[in-house]
Amino acid sequence: MTAPQSPAIRNIAIIAHVDHGKTTLVDGMFRQSGLFREGQSVDERLMDNLDLERERGITIAAKNCAIYWRDTKINIIDTPGHADFGGEVERGLSMADGAILLVDASEGPLPQTRFVLNKALKNGLKLVVVINKIDRDDARPDEVLDEIYSLLIDLDATDEQLEIPLLYAIGRDGVAMTEPGEKGKNLHQLLDMIVDEIPAPDAAPEAAFQMLVSDLSYSDFLGRLAIGKVVNGSVSARDSMTCIYEDGSLHPLKVSKLQMYHGPGLAEASSAHAGDIVVLSGIDDVHIGDTITTGQTPQALPRIRVDEPTVFMKFCKNTSPFAGKDGKFVQPSKIRERLVKESLLNVSMQLEEPEDRESFIVKGRGEFQMAILLETMRREGFELCVGRPQVIYRYENGRTLEPIENLFIDCDEAYSGMVTEKLMKKKGLLNRLEHGNNGRVRIEFSVPARTLLGFRDEFLTDTRGTGIMNTYFAGYEPFRGAYASRGTGSLVSDRSGYAVAFALSNLEARGKLFINPGDAVYEGMIIGEHSRDADLNVNPCKTKQLTNVRAAGKDDAITLEPVLPMTIEKAIHFIRDDEMVEVTPKVIRIRKTVLAASKRKGSEKRGAA
């Protein structure tokens, strides 16, 4: 299929918190714009095309698609709703001229919405507000609208940006209306509002061609793909182009194919004009933020700038006795190659290589971003070990500064005291507390990022799974003091073998187990959480003493507590500085960095001295 040439264009990003209905709304826009024929079988959540996105119900990577409405091409940029994927947000917003702010009618604007909205306002994007899910029993559209205005004012929106067109919607049913009490029929009002309210791209059609590379992808058939918006001028597929690197050097390019978005896929085009979002194929050496141009006097566009990373983790090859049994890629060179590729595709990640060449420091926005990277690599067949996530400190005028998060808690009143007490111990400062009409409270804290590592699982346990916790990065502040990361120790296997039910039944009194009978173990592998603040070396392979004397209870069945499957997030939240997570395609294990018990004792004595 060939895309129509040079139609009127609108480039919009969709801003929404996780689970506020963004991807479902885009599905409705696809169907009602005439993209699919009547009766055509179409999958739900088309834009969530990664396996991890479908499993978790979140958007991880910014993606593009295009629909046509009233002879206007609408390029839709689906941005992630999680602050850990802020690099994806900045890349997506660099291609947009306006944004749809989608907010849940019950939950209101949440911290991740604030993070992305702040970026959109700084880029000067025109907003259209959609209050979604107004059919919820606990919907409060009037209060949510007030919260949206308060948020815009708090983010220093201009008077023009405060003049926001407003719609109410039920994204699941594919309807939008101007008043909450109306009965909507379709999304035509939303599509009309995009065409009427969002400005056309501000470009100079007669100037020399300039395109800012906002994203990179790869095709097995076409090679590397450079994705970006045509800022000025026009270009044909056969034109000779030049890439301007970050250092200002010029590099000639040969493009094999020019494509543009049509629906969720791509359509070949013979030319592209100012405002189009295009995909150039066959370009080998290009990076996000580079400018691709034509003409005799090439000029670079302002590069994409992202916030600095706040967390780092150490990646290294798997050194356990089970290394190489599950993975296809186990060598440090293969791990390095994959991490270099990730740092090129994801502008918010940085890679540092220590002198030993056996380990790598990966910097990013948060531990959730790191967990997604590890899960992706695991599914690709990589086998590796990673250390505990640690925050990145800054040092200014002799002072240590640490990253601070604004933490928003929504929980039942019965749990608020316990949650507040724990956060105070984590060096948190209480900023605001509001009591709702439904027996829930909303609490806002300022908390060091290092003390929040691993807190989400603890919080969900304390609130019996009913609490909601969201954060966004607030900046750097002076160090608030030391904090003990974990009040419990580890149960460490003292030998290799297979776990036995008899041994595990005796160990249950010592703490919480991570393994089941029959699981393979090795010396230094952590098999559970000790109930006391000290590590304990144990024998999970111990069998029952056999004797020819009959005893009471000899034939009693052994019943063990069920063990929850280990996940990457749970593992990296649990470990201490002297522990690591072993990640393989089949198994996730926790281990000591130094496996031999005798060597661990020696290192502890040297550390104490």
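These figures come from a predicted structure and were not determined experimentally. Because only heavy atoms are used, hydrogens play no part in the values below, and waters and symmetry mates are left out as well, while side chains stay in.
Contact record, Ser214 with Ile304: CA-CD1, 3.8 Å, taken as the closest heavy-atom pair. Between Val447 and Gly428, the shortest heavy-atom distance links the atoms CG2-CA, 4.1 Å. Taking all atoms of both residues into account, the shortest heavy-atom contact from Leu384 to Val386 is CD1-CG1, 4.0 Å.
Within the 4.5 Å cutoff, the side chain of Val521 has heavy atoms near those of the Cys541 side chain. Between Asn64 and Met95, some side-chain heavy-atom pair lies under the 4.5 Å cut-off. You'll find the side chain of Leu513 reaches within 4.5 Å of the side chain of Glu508, heavy atoms only. Looking at heavy atoms from C-beta onward, Leu216 lies out of side-chain contact with Ile227 at the 4.5 angstrom threshold. Contact check for Ile361 versus Pro354: side-chain heavy atoms found under the 4.5 Å cut-off. When side chains are defined from C-beta on, Met566 counts as touching Ile590, because their heavy atoms get closer than 4.5 Å. The shortest side-chain heavy-atom distance between Ile526 and Leu491 does not fall under the 4.5 Å cut-off. Looking at Ile292 and Leu253, their side chains come closer than 4.5 Å, going by heavy atoms from C-beta outward.
Within the 3.5 Å criterion, the main-chain N or O of Gly324 finds a donor-acceptor partner in the side chain of Glu383. Within the 3.5 Å criterion, the main-chain N or O of Ala503 finds no donor-acceptor partner in the side chain of Asn506. Of the possible donor and acceptor atoms, one in the side chain of Asp535 sits under 3.5 Å from a partner among the backbone N and O of Ser490. For the pair Thr376 (side chain) and Ile372 (backbone), a donor-acceptor distance under 3.5 Å is present. Distance alone, capped at 3.5 Å, places no donor-acceptor pair between the Ser281 side chain and the Leu225 backbone. Without hydrogens or angle criteria, Arg591 side chain to Thr593 main chain gives a donor-acceptor distance under 3.5 Å. Panel note: side chain Asp462, backbone Phe459; no donor-acceptor pair is recorded below 3.5 Å. Side chain of Arg303 to backbone of Gly289: a donor-acceptor contact under 3.5 angstrom is found. No side-chain donor-acceptor contact under 3.5 Å links Arg338 to the backbone of Ser333.
In summary, Glu337 and Lys341 do not engage in a salt bridge, as defined by a charged side-chain N under 4.0 Å from a carboxylate O. The pair Asp533-Arg576 counts as a salt bridge, with a side-chain nitrogen and a carboxylate oxygen less than 4.0 angstrom apart. Ion pairing between Asp578 and Arg388 fails under the 4.0 Å rule for side-chain N and carboxylate O.
Atom OG of residue Ser505 and atom CD of residue Glu561 lie 12.0 Å apart, to the nearest 0.5 angstrom. Between the CZ atom of Phe445 and the CG atom of Leu452 there is a distance of 10.5 Å, given to the nearest 0.5 Å. Taking CZ of Arg464 as the start and SG of Cys411 as the end, the distance is 12.0 Å to the nearest 0.5 Å.
Of the residues Glu579, Glu582, Glu523, the one that meets the salt bridge (charged side-chain N to carboxylate O under 4.0 Å, His left out) test with Lys592 is Glu579. When each of Arg480, Lys427, Arg450, Arg394 is tested with Glu402 by the rule salt bridge (charged side-chain N to carboxylate O under 4.0 Å, His left out), just one qualifies, namely Arg450.
In Lys570, the NZ atom is crowded: over 12 heavy atoms of neighbouring residues, nucleotides or ligands sit closer than 6.0 Å. Residue-environment remark: OH (Tyr498) stays at or below the threshold of 12 foreign heavy atoms within 6.0 Å. Within a 6.0 Å sphere centred on NZ of Lys317, other residues, nucleotides and ligands contribute 12 heavy atoms or fewer.
For residues 509-528, the pairs satisfying ring-ring contact (aromatic ring centres under 6.0 Å, His included) are Phe322-Tyr522, Phe514-Phe574, with sequence neighbours left out.
You'll find the ring centres of Phe382 and Phe329 inside the 6.0 Å limit.
Ring geometry, Phe473 versus Tyr476: the interplanar angle exceeds 60°, so the pair is classed perpendicular (tilted spans 30 to 60°).
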Original post:
Can you list the steps and then say if Gln369 with Ser348 is a side-chain hydrogen bond (donor to acceptor under 3.5 Å, both in side chains)?
Top reply: CA-CA 10 Å; Gln369 183 189 30; Ser348 65; 3.0 Å; yes
**OP:** Apply the test side chain to side chain contact (heavy atoms under 4.5 Å, CB included) to residues Glu353 and Arg336: give CA-CA distance (whole Å), side-chain angles for both, the deciding distance (0.1 Å), then the verdict.
**Re:** CA-CA 9 Å; Glu353 300 182 48; Arg336 177 189 176 278; 2.9 Å; yes
